[in-house]
Structure formats: structure tokens, C-alpha cells
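Below you'll find the structure, written out as C-alpha cells, and then a few comments.
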Amino acid sequence: MTEFTGSWRLRRLVWDGRGDRFLRGEGTASFTRLTTTDWRLREDLFFDGRDGYRETIWSAEKARLSIRFADGLPLVDLDSSGLPSESWHLCGEDRYCARLIHWSGTSILLGWRVLGPRKDYVMLTRYARDGKGDGS
């Protein structure tokens, strides 16, 4: 069974296609168990000179990882049985494509490609249990 509960570190790298530049951020990711298969993820991040946070809900059951917005609306559904796994959704005319690249008990590597009339970026986030899986 997957167990996310606890504090993780996160590192994020973004290529901003509109600004033609790379941005880096780091912070903490805290998973709080909601049910036997659901966790609330709060990311506290220092990114591009600013502090911020966001929350999502992660559900893991067998070989599936579903990520929902904080209000419970679906975001992406990924199959972890064969990595990498991709899932996408439209937000207006912008297409959000998530790619689960790596998933273990100590680290997760999740990428996003967002492209459309309003957005153009690639984002890669590594989540690592404190002191594990991040190469440091």
C-alpha cells in the first residue's frame, strides 16, 4: 500500500516558454491522510522570489495515482504500473499534460507540459522524503 503521510521536500524547475527562461523553486510538501486511499497535499514553496502554497488531493489505489484540485474536482489520473504515465486535461483552451516519471516510497518525479493561448511552460517537480531520494 502506498503511504505518503508526512513531510517531504520538493524542488521545482520550470521552463517558461513565454519568457524564455528557467525558474527554480524549493520548499516542503506535507501529506495529510484523509482516508485509506486519499491524502491532502500542501506545497509550501519559495519560487521566483516569492513564497506561496497550493493544495491538491492525491488518491493512490493499486497502480493508480489520481490528483484532484483542493475542492475535489478531477485534475489528472495516472497509471503507475508502467512508467512514465501520462494524463491530460483542458483548462479553457490550455492543455495540461501530466507525466508521472518516477514513484517510489521515498521519491516522486512529476512533470507537466502546459501549452495554449494563455500559457507555455514545462514544469518538473521532485518530491523526496526528508533526507532521501533527492540526490543531495
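Position 1 is the first residue of the sequence, and the numbers go up from there.
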Can you see which heavy atom on [X] is nearest to which on [Y], and at what distance?
{"X": "R129", "Y": "G105", "answer": "NE-O, 2.8 Å"}
{"X": "L45", "Y": "G25", "answer": "CD1-C, 3.8 Å"}
{"X": "P117", "Y": "E93", "answer": "CG-OE1, 3.3 Å"}
{"X": "R118", "Y": "C91", "answer": "NH2-O, 3.2 Å"}

Note to self: Looking only at side-chain N and O atoms, does D77 offer a donor or acceptor that is under 3.5 Å from a partner on S87?
What the structure shows: no
Checklist line | Modelled atom types, side-chain donor and acceptor of S80 and R64, under 3.5 Å | finding: no
Next item on the list: Just do the side chain to side chain contact (heavy atoms under 4.5 Å, CB included) check on S85 and R99 with the steps written out, would you?
Entry: CA-CA 6 Å; S85 173; R99 180 173 243 210; over 6 Å; no
Margin query: With a 4.0 Å cut-off on N to O distance, would you call R50 and D48 a salt bridge?
Written below: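 Salt bridge: yes.
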Notebook entry, point to check: Below 4.0 angstrom, N of the basic side chain to O of the carboxylate: do D94 and K119 qualify?
Noted result: no
Notebook entry, point to check: What's the verdict on side chain to side chain contact (heavy atoms under 4.5 Å, CB included) for V122 and W112, showing C-alpha distance, side-chain angles and the deciding distance?
Noted result: CA-CA 6 Å; V122 177; W112 290 88; over 6 Å; no
Next item on the list: Assess whether side chain to side chain donor-acceptor pair (under 3.5 Å) is satisfied between S30 and W8, documenting all intermediate values.
Entry: CA-CA 6 Å; S30 300; W8 298 55; over 6 Å; no
Margin query: Tell me every residue that passes side chain to side chain donor-acceptor pair (under 3.5 Å) with R95, counting only those two or more places apart in sequence or in another chain.
Written below: none
Next item on the list: Give a yes or no on whether the ring-centroid distance for W58 and Y127 is below 6.0 angstrom.
Entry: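 Yes: the rings meet the under 6.0 Å criterion.
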Note to self: Would you compute the distance between atom OG1 of T56 and atom CG of L73 and round it to the nearest 0.5 angstrom?
What the structure shows: 13.0 Å
Note to self: Applying a strict under-4.5 Å side-chain criterion to I, L, V, M, F, W and Y, I'd like to know whether L13 and W15 cluster together.
What the structure shows: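 Shared cluster, yes.
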Next item on the list: Could you tell me whether the side chain of E55 and the main chain of I57 form a donor-acceptor pair under 3.5 Å?
Entry: no
Next item on the list: Before giving the answer on side chain to side chain contact (heavy atoms under 4.5 Å, CB included), spell out for H89 and L75 the whole-Å C-alpha distance, their side-chain angles and the decisive distance to 0.1 Å.
Entry: CA-CA 7 Å; H89 77 276; L75 181 58; 3.0 Å; yes
Next item on the list: Could you pull out all residues at least two apart from R24 that satisfy salt bridge (Lys or Arg N to Asp or Glu O under 4.0 Å)?
Entry: none
